[in-house]
Structures are given as structure tokens and as C-alpha cells.
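These notes concern the structure reproduced below.
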Amino acid sequence: MIASLICALTCYFSIFHGESLEAMKYIASHQDEINLSLKNLEPDERNIALAIVAPELSQYSTVYDFMELNILYALYVSTGSGNFSIGPFQMKPSFAETLENYASANIPSDSAFSSLIPKGSEKEKRRKRLKRLSTLEGELEYLALFIEAARRQTADIAFADDIEKLRYWATLYNSGLSLTPENVNEAQAKKLFPRFSKSFNYADVAVEFYRHITSISK
């Protein structure tokens, strides 16, 4: 009873109730597209993947995103400057580029992920990257690649359960694939989400979404 009351007062779903519901509605309304793009993931990993991006989805504003993208688009394409967030999962160009470089170095050339490696001049690569990031389909492709990268990076870690795996992977998603286990532990102790109030830890929020997503998918 006391634990439930505390959660009701302090959990992300309580504080950002409307935003959380909108994120869950978005996932439900795009379930066919999500299942198609993440078809190579096992159901448990698909739920983990969705829980990882759900916190960002809950803070996504189409109006802000439109303004931000149009203001910074030309600057980024011409110079590579302006590491802003794009699309429903609020992925940054630098995040996408890191995944592209990972795929180029670690993924076989005949893999489906090879299509994510942009060709052409640096400007053309940046333009293609922004175009892909501005769509749900494109961000789902990057998300699938991220799960593959996270899976490989943590292959030697014996996670106690899916929650522990989710917390680790969500931290890599939010703070960077290059994090060491020590860095991950440090990051999980910090409350930096969402960006304006910084009152929650990203991994904690991902776990809340995971529990809601898995309860629905059963």
C-alpha cells in the first residue's frame, strides 16, 4: 500500500501522466509498422527496444521538432554542426552516425543494416541521415541496429533478467554506446531526464514503460 502510494506520487507515469499515455497510444497506433521494422527481434527484445525509446517518445513535440529541424537543417547539412534531436524517438545525428560507423566496421556488407551506411559526399550523407531520422521507419531502422550493437557489446555480461538488461541498454541509448560498465553504473545514478526538469533517471523511466508494454503484450 505504501509503496503504491509513493509510486503514485513520484513515478514518471504519475508526474507525466498525459505524456506517458500519448507515448503508449503512439506505440499502439503504429504497432504494424513497428512489428515489421523490428521483425528480426524476439518478442522480449522488441519490448525492450520499445521501452528504451518510449521515454523520448513521451517528450516528443511535433511542433518543436518541426521548428528545430527546419532551423538547424541547413546548418547541419553544410557544416555538420548542430547536434539536435529529431523524430519521434528524438535521435540525434551524432547517434545515427555512430551507429552507421558501427555497422560499417562490424556488420557484414550483405546485412540488412548495410543500407543504413550513407554514400556520397559528407553533405549528401548528412542530408540522407536527417531524412531517415525524420521518419518513424527510419528511426526504427536505427533502433534495430542499436539493439544489435548493444547485444554484441554486452555479450559477455550475464544479466540477471530482462529488467537488468533493459536498464543497461537504455543507459547506452541515452548516454552513449562507448560507455564502460563503470560509466553505466555512474549514469544510472544520475537524474537527467527529461531535459527541462531533470527529475528522473532515464533507465528508471524505461523500466516503467517496459512494465506497461509487457502487461499489454501478454
Side-chain angles (χ1 to χ4, degrees), residues 22-41 45-152 169-170 172-177 202 206 209 213:
E22 285 302 312
M24 295 298 294
K25 288 179 183 177
Y26 186 94
I27 290 173
S29 64
H30 294 84
Q31 198 62 60
D32 289 343
E33 187 173 355
I34 290 170
N35 289 340
L36 180 62
S37 295
L38 303 181
K39 62 183 178 182
N40 292 326
L41 298 183
E45 282 196 345
R46 190 179 308 157
N47 288 337
I48 287 175
L50 291 175
I52 286 172
V53 297
E56 292 289 5
L57 180 58
S58 72
Q59 293 291 320
Y60 172 58
S61 167
T62 54
V63 174
Y64 178 73
D65 185 70
F66 178 81
M67 294 174 60
E68 188 175 50
L69 181 59
N70 281 274
I71 291 172
L72 298 174
Y73 183 96
L75 177 64
Y76 176 75
V77 170
S78 61
T79 68
S81 303
N83 195 28
F84 47 100
S85 300
I86 307 173
F89 299 158
Q90 292 293 274
M91 293 179 176
K92 294 181 178 180
S94 61
F95 173 79
E97 187 173 4
T98 296
L99 289 174
E100 292 164 7
N101 291 337
Y102 180 89
S104 180
N106 299 281
I107 304 296
S109 58
D110 60 349
S111 166
F113 294 127
S114 61
S115 62
L116 288 175
I117 305 173
K119 307 293 192 299
S121 66
E122 290 305 313
K123 285 186 179 181
E124 290 171 337
K125 291 178 182 178
R126 290 193 285 266
R127 188 177 293 110
K128 291 176 183 177
R129 188 174 298 128
L130 288 183
K131 184 177 180 180
R132 184 177 287 115
L133 286 171
S134 64
T135 67
L136 174 61
E137 180 183 3
E139 292 207 320
L140 283 168
E141 290 180 314
Y142 280 118
L143 177 59
L145 177 54
F146 168 79
I147 294 298
E148 174 67 17
R151 187 193 298 123
R152 292 184 180 214
W169 288 5
L172 293 181
Y173 178 84
N174 184 243
S175 301
L177 269 170
Y202 193 88
F209 274 103
I213 291 169

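These numbers were taken from a predicted model, which means no experiment stands behind them. All values below were derived from every heavy atom in this structure, side-chain atoms included, with hydrogens, water molecules and symmetry-related copies excluded.
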Checklist entry - Are Arg132 and Glu141 ion-paired here, with the side-chain N under 4.0 Å from a carboxylate O? => result yes
Item to check | Heavy-atom check, side chain of Glu33 versus side chain of Glu137, under 4.5 Å | outcome: yes
Checklist entry - Do Glu122 and Val77 touch side chain to side chain, with heavy atoms closer than 4.5 Å? => result no
Checklist entry - Can you tell me how far the CZ atom of Arg126 sits from the OG atom of Ser121, to the nearest 0.5 Å? => result 8.0 Å
Checklist entry - Nearest heavy-atom pair of Tyr102 and Ala149: which atoms, and what distance? => result CE2-CB, 3.6 Å
Checklist entry - So which heavy atom on Glu45 is nearest to which on Ile147, and how close? => result OE1-CG2, 3.9 Å
Item to check | Closest approach of Ile213 to Ala51 (non-hydrogen atoms, all atoms of both residues) | outcome: CD1-N, 3.8 Å
Next on the checklist: So Leu116 and Leu145, do their side chains get closer than 4.5 Å, heavy atoms only?
Outcome noted: yes
Next on the checklist: Going by the rule ring pair (Phe, Tyr, Trp, His ring centres under 6.0 Å), which residues pair with Tyr142 if we only count those two or more places apart in sequence or in a different chain?
Outcome noted: none
Next on the checklist: List the residues meeting salt bridge (charged side-chain N to carboxylate O under 4.0 Å, His left out) with Arg127, not counting sequence neighbours, and say none if there are none.
Outcome noted: none
Checklist entry - Salt bridge or not for Arg129 and Glu100, using N-O below 4.0 Å? => result yes
Next on the checklist: Could you tell me if the side chain of Phe146 sits less than 4.5 Å from the side chain of Ile52, heavy atoms only?
Outcome noted: yes
Next on the checklist: With rounding to the nearest 0.5 angstrom, report the CG to CD1 distance, Leu143 to Ile34.
Outcome noted: 9.0 Å
Next on the checklist: Quick one, Val53 and Leu57 - any side-chain contact, counting heavy atoms below 4.5 Å?
Outcome noted: no
Checklist entry - Do Glu148 and Arg152 meet the salt-bridge criterion of a basic N to acidic O distance under 4.0 Å? => result yes
Checklist entry - How far apart are the closest heavy atoms of Lys123 and Ser78, and which atoms are they? => result CE-O, 3.8 Å
Checklist entry - Would you say the side chain of Leu36 lies within less than 4.5 Å of the side chain of Asp32, judging by non-hydrogen atoms? => result no
Checklist entry - Has the side chain of Ser111 got a donor or acceptor atom that lies under 3.5 Å from a matching backbone atom of Ile107? => result no
Next on the checklist: If we ignore hydrogens and angles and just use 3.5 Å, is the side chain of Ser29 paired with the main-chain N or O of Tyr26 as donor and acceptor?
Outcome noted: yes
Next on the checklist: Test your reading of the model: is there a side-chain donor-acceptor pair from Lys92 to the backbone of Gln90, 3.5 Å cut-off?
Outcome noted: no
Checklist entry - Quick one: are the ring centres of Tyr173 and Phe95 less than 6.0 Å apart? => result yes
Checklist entry - Does any non-hydrogen side-chain atom of Leu177 lie less than 4.5 Å from one of Leu99? => result yes
Checklist entry - What heavy-atom pair brings Ala54 and Ile27 nearest, and what distance separates the two atoms? => result CB-CD1, 4.4 Å
Checklist entry - More than 12 heavy atoms of other residues, nucleotides or ligands under 6.0 Å from NZ of Lys125: is that the case? => result yes
Item to check | Approximate separation, where rounding is to 0.5 Å, of Tyr202 OH and Glu56 CD | outcome: 4.5 Å
Checklist entry - Is it the case that Gln31 and Asn35 place a side-chain donor and acceptor less than 3.5 Å from each other? => result yes
Next on the checklist: Would His30 and Leu140 count as a side-chain contact (heavy atoms from CB on, under 4.5 Å) here? Give the steps.
Outcome noted: CA-CA 11 Å; His30 294 84; Leu140 283 168; over 6 Å; no
Item to check | Heavy-atom closest contact (Ala23 atom, Phe209 atom, distance) | outcome: CB-CE2, 3.9 Å
Checklist entry - Looking at side-chain heavy atoms only, is the closest gap between Ile86 and Met91 below 4.5 Å? => result no
Next on the checklist: Checking the side chain of Ser58 only, and the main-chain atoms of Pro55 only, is there a donor and an acceptor separated by less than 3.5 Å?
Outcome noted: yes
